[in-house]
Amino acid sequence: MTRFAKVIVDVPSKQTNRPFDYMIPAEMDPWIEVGSRVGVPFGPRTVQGFVVGFTSESEVNLTRMKSIKELLDLVPPLSPDLVELGAWMSRKYVCHDIAALQSMIPTALKGKVERVLHVSETYGDEELLWLPEEQRVLDTVDRQGPMKLEQVTTMFPEHEKIIKRLLKQGFLIETQSIKDRVAKKKVKVVFITIQEDQADEVLTSFPAKARRQKEALEFLMQTWQPMLMTELLAELHTTSSTIKGLEDKGYVEIREMEVFRDPYADRRFKKSVAMELTEEQQHVYDALEGALNTREHNVFLLHGVTGSGKTEVYLQSIQHCISQGREAIVLVPEISLTPQMVERFKSRFGSMVAVLHSRLSNGERYDEWRKIRERKVKVAIGARSAIFAPFEDIGLVIIDEEHETSYKQEESPKYHARDVAVKRAAQQGAVVVLGSATPALESYLAAVTNQPLAGSEDGAALKLLSMPTRVGGRSLPKVHVVDLREELKNGNRSMFSRDLYQAIEDRLAKKEQMVLLLNRRGYSTFVMCRTCGYVAQCPECDIALTYHQKSDHLRCHYCGHAEKAPKTCPSCQSEHIRYFGTGTQRVEEELAKLFPGIRVIRMDVDTTTEKGSHEKLLGQFRDRQADVLLGTQMVAKGLDFPYVTLVGVITADSALNIPDFRAAERTFQLLTQVAGRAGRHHLPGEVYIQTYTPEHYSIGHASEHRYKPFAEEELEHRRKRGYPPYCKLILITFSHEQLPMLVRMSENFATRLKEEAQTRGWIHMLHQAADDAIELLGPVASPIPRIKNRYRFQCMLKYRGNVDAVELVRAVSAEFDEHVRSDQLTISVDVDPQMLM
DNA sequence: AGCACGCCGACT
DNA sequence: GTCGGCGTGCTC
């Protein structure tokens, strides 16, 4: 029986957000599966699509139904369970199906249409009068054979209309196909084709002229093994024409072979073996092994203090999972931030690991991904999107530092990897481990109340495991909270308190190392004129510009706009223009002034954009080429250096004063994480936290390493004020170039939301005791009211119980589709937002 | 999203 | 009378 393919096409619009039916050419049929990537004719063009199902009968008139044009991969890039996961994601996070599917595959496979032109066969048959420019275009294409449309238009930039006309009249013919962005890497390998017993015969009869060829052949005869062309040429200092000559004589064969680009090719990893577990670790491991043995879906929250040895537990659980014949996925916040982590996995599992590094080139990432799809590895480790690793028999998913905000994708689809992971594990009967020293309150509450995570309702109830002590009985570092108000009273206006100053001096004398954290890059936070009060702002965003000293520029940290720093006030020409606030560059300068000869490595977005710069800087610090590692929050995570005995937080307040209900949680997490960097080995550690609000509970609890009391206090706040995890949120952001239009649209939207909530019979008040409730806040201007010349307004929906607010938003958004299309309005929906910007 | 079809204003 | 503006609708 013939079957038709249901295809989701790569056309991101509301009207095309459904499967289209296609016929399957007979020769393709055995290869087409759910998850296959295909090129299909769609209207006048060819687009990429994914097969999401099959049907034996279609509503579509068979005379109008088209056929799949090309199959783009022999092995489908998506498995049926990933296709299903995509459907779940598009529903949960309000995005097009195609966007969800595309987010699961490497960018290398986001095919582009290639349009190729050739001249009709009838050209030249008839005596037609051509315009001179038509003649030129036709002759060029005719002479060159099939040409990419792009090439033709760049050759004749002003003849676009003529090309279009020739196409319409059929003198030029266009063929479209889908091309991947990155080709598989191929290498030439030289195979020796003669037998060993023929060697003498061949060599004696070798033409005397072909000395180089003979040398090459003799070289290959030393091993009789195939050899990489590049290596062979380097060894013999010759060119490929020599080897070609040998090929012509039939002594060797040159074959092109696919290889994987290996970003770790030049690195050697010492083989490591399982370490003996402490009693605490063993307890946790036993629970995980037990769960793996049932082969059922389970979710654990592993609360382990920094330095409690979570990684070793991960490694051994993965080992067990692999020995069961199943696969494992490990998510880490931002893998390039933790080269140490990669190293541990590589040295334990060697070539069984694929690393999906966020700073790999597209080609490298594609190759790592192919290793997974082609079952060459058993473990995938990577950032957020590694949760889509195309394994088919997953036993274990580990999410390290599960509270990290980088698990939430800020672009559409705005998914949370933690929730996707639980969903995928539920599909596959896999065990999930959420590991953290400072669990997200959502996870913690679910674990202590034995409920599934709020973001992934299909998941199993969370079970709490904990590891409250550090490996080797090392104590947590002593934390000093320094009240900066007191310092100011005592006339100290420097960025270092006397205590921190002395501590730095002390470590320098002892030749120990320190980590200093400041949550702000650049030199200063804003630039102001003392005469007229002018503040330098980004011309396209309503946000203050930051001064960067090295380049002497003002920079917008939102859109990247940069301008030369003014010497006089642009508004009143006064020379009293001053820089306020402190950034990492300024701290670096101050350190150099106060401690002559101090060696500082500064690590922030500005110094780590270059590929590999991260590893380089950390390597230098590890080798003790510097005394101080100074940086933004990226220095707080996962680093482990034996000689670090001092951690200083320049101002804890910058994280606390962000207008976000999670500010206290973030501050607690940041302080606890950074404090954990000190004294991890034989030397005891010490931490100084400078703040203007030492009485704040997040700082107090962090300084005493008390997670549970903090969590309880913070949960109480959330419950009282009606914030997650006691309700759910949807943030809807509207943006438009014209403010009045934006205000009108967002108000209309809000009104429609309220009306629809009412017709569905939902109580529009969260503060009432009702189990099912919904509340709308806004519209109000967004915290950043304008970005890139577009004004921004937002609405927040809070809801709980059996209220399907996502469906509500989806329905109302659909009504505004025309406005989105024609009025340059954009509506962005963020389900379970992590940042309220 | 593209692209075609279709109905109203300023020009050869 | 035509060229071209972008409003509406379709894509298996």
Side-chain angles (χ1 to χ4, degrees), chain A residues 1-26 28-29 32-34 36-72 83 87 90 94-103 107 110-117 131 149-150 153 158 160-170 172-179 181 411-413 735 737-738 741 745 813-829:
Chain A
M1 191 166 57
T2 55
R3 54 176 194 165
F4 305 115
K6 294 208 159 287
V7 175
I8 296 284
V9 291
D10 185 9
V11 181
S13 89
K14 181 146 190 307
Q15 293 165 79
T16 52
N17 189 29
R18 61 186 177 85
F20 286 81
D21 295 348
Y22 284 88
M23 294 191 277
I24 305 169
M28 263 185 221
D29 197 88
I32 302 261
E33 295 171 50
V34 169
S36 289
R37 195 170 58 114
V38 291
V40 290
F42 195 66
R45 58 219 166 104
T46 300
V47 298
Q48 180 178 271
F50 291 95
V51 176
V52 294
F54 298 100
T55 180
S56 55
E57 46 203 83
S58 170
E59 260 94 275
V60 180
N61 188 333
L62 282 186
T63 54
R64 292 203 316 165
M65 196 191 288
K66 295 178 182 171
S67 289
I68 293 176
K69 205 166 158 192
E70 43 189 346
L71 175 63
L72 299 172
V83 170
S90 64
V94 194
C95 69
H96 299 129
D97 289 277
I98 192 65
L101 295 175
Q102 293 273 214
S103 69
T107 35
K110 283 171 195 157
K112 273 197 333 213
V113 184
E114 187 181 81
R115 312 174 74 177
V116 176
L117 297 186
L131 295 169
L149 175 67
E150 219 181 39
T153 47
E158 66 279 24
E160 228 163 278
K161 273 203 198 117
I162 289 163
I163 297 168
K164 221 174 210 168
R165 196 164 64 228
L166 289 170
L167 273 165
K168 221 174 202 169
Q169 296 168 340
L172 281 176
I173 296 167
E174 180 190 356
T175 44
Q176 297 186 356
S177 61
I178 305 291
K179 277 272 141 32
R181 298 209 179 158
E411 304 85 53
S412 177
S735 86
E737 282 189 25
Q738 270 125 38
M741 186 66 114
M745 292 281 183
S813 302
E815 295 173 14
F816 283 71
D817 195 54
E818 301 162 50
H819 298 291
V820 171
R821 265 171 76 93
S822 52
D823 292 336
Q824 301 126 36
L825 174 75
T826 58
I827 301 174
S828 133
V829 178

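Please read all numbers here as calculations on a predicted model, not as lab measurements. Labels below follow one simple rule: chain letters A, B, ... track the order of the sequence lines, proteins then strands, and each chain is numbered from 1.
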Undergrad: Need two values: the first and the last nucleotide of DNA chain C, 5' to 3', having an atom under 4.0 Å from any heavy-atom of chain A.
TA: C/dG9 to C/dC12

Undergrad: May I ask you to list the residues of residues 41-63 of chain A, by number, that have any heavy atom positioned under 4.0 Å from an atom of DNA chain B?
TA: A/Pro44, A/Arg45

Undergrad: Applying side-chain hydrogen bond (donor to acceptor under 3.5 Å, both in side chains), run through A/Thr55 and A/Ser58 and close with a yes or a no.
TA: CA-CA 7 Å; A/Thr55 180; A/Ser58 170; over 6 Å; no

Undergrad: Look at A/Asp29 together with A/Arg3 and state whether they make a salt bridge at an N to O cut-off of under 4.0 Å.
TA: yes

Undergrad: Locate the shortest heavy-atom distance separating A/His96 from A/Ser13; write the atom from each residue and the value.
TA: NE2-C, 3.6 Å

Undergrad: Can you tell which of A/Val9, A/Ile8, A/Asp10 makes a side chain to side chain contact (heavy atoms under 4.5 Å, CB included) with A/Gln48?
TA: A/Asp10

Undergrad: Could you state the interatomic distance from OH (A/Tyr22) to CE (A/Met65), rounded to the nearest 0.5 Å?
TA: 10.0 Å

Undergrad: Does A/Lys69 use its side chain to pair, donor to acceptor, with the backbone of A/Ile178 at less than 3.5 Å?
TA: no

Undergrad: Hey, where on DNA chain B does chain A first and last touch, going 5' to 3'? Cut-off is any atom under 4.0 Å from a heavy atom.
TA: B/dA1 to B/dC3

Undergrad: With rounding to the nearest 0.5 Å, note down the distance linking NZ in A/Lys110 to CD in A/Gln102.
TA: 6.0 Å

Undergrad: Main chain of A/Arg115, side chain of A/Glu174: is a donor-acceptor contact present, judged purely on distance under 3.5 Å?
TA: no

Undergrad: Of the non-hydrogen atoms in A/Gly49 and A/Val7, which two are nearest, and what is the gap between them?
TA: CA-CG1, 3.9 Å

Undergrad: Does a sphere of radius 6.0 Å around CD in A/Glu818 hold more than 12 heavy atoms from other residues, nucleotides or ligands, not counting ones at 6.0 Å or beyond?
TA: no

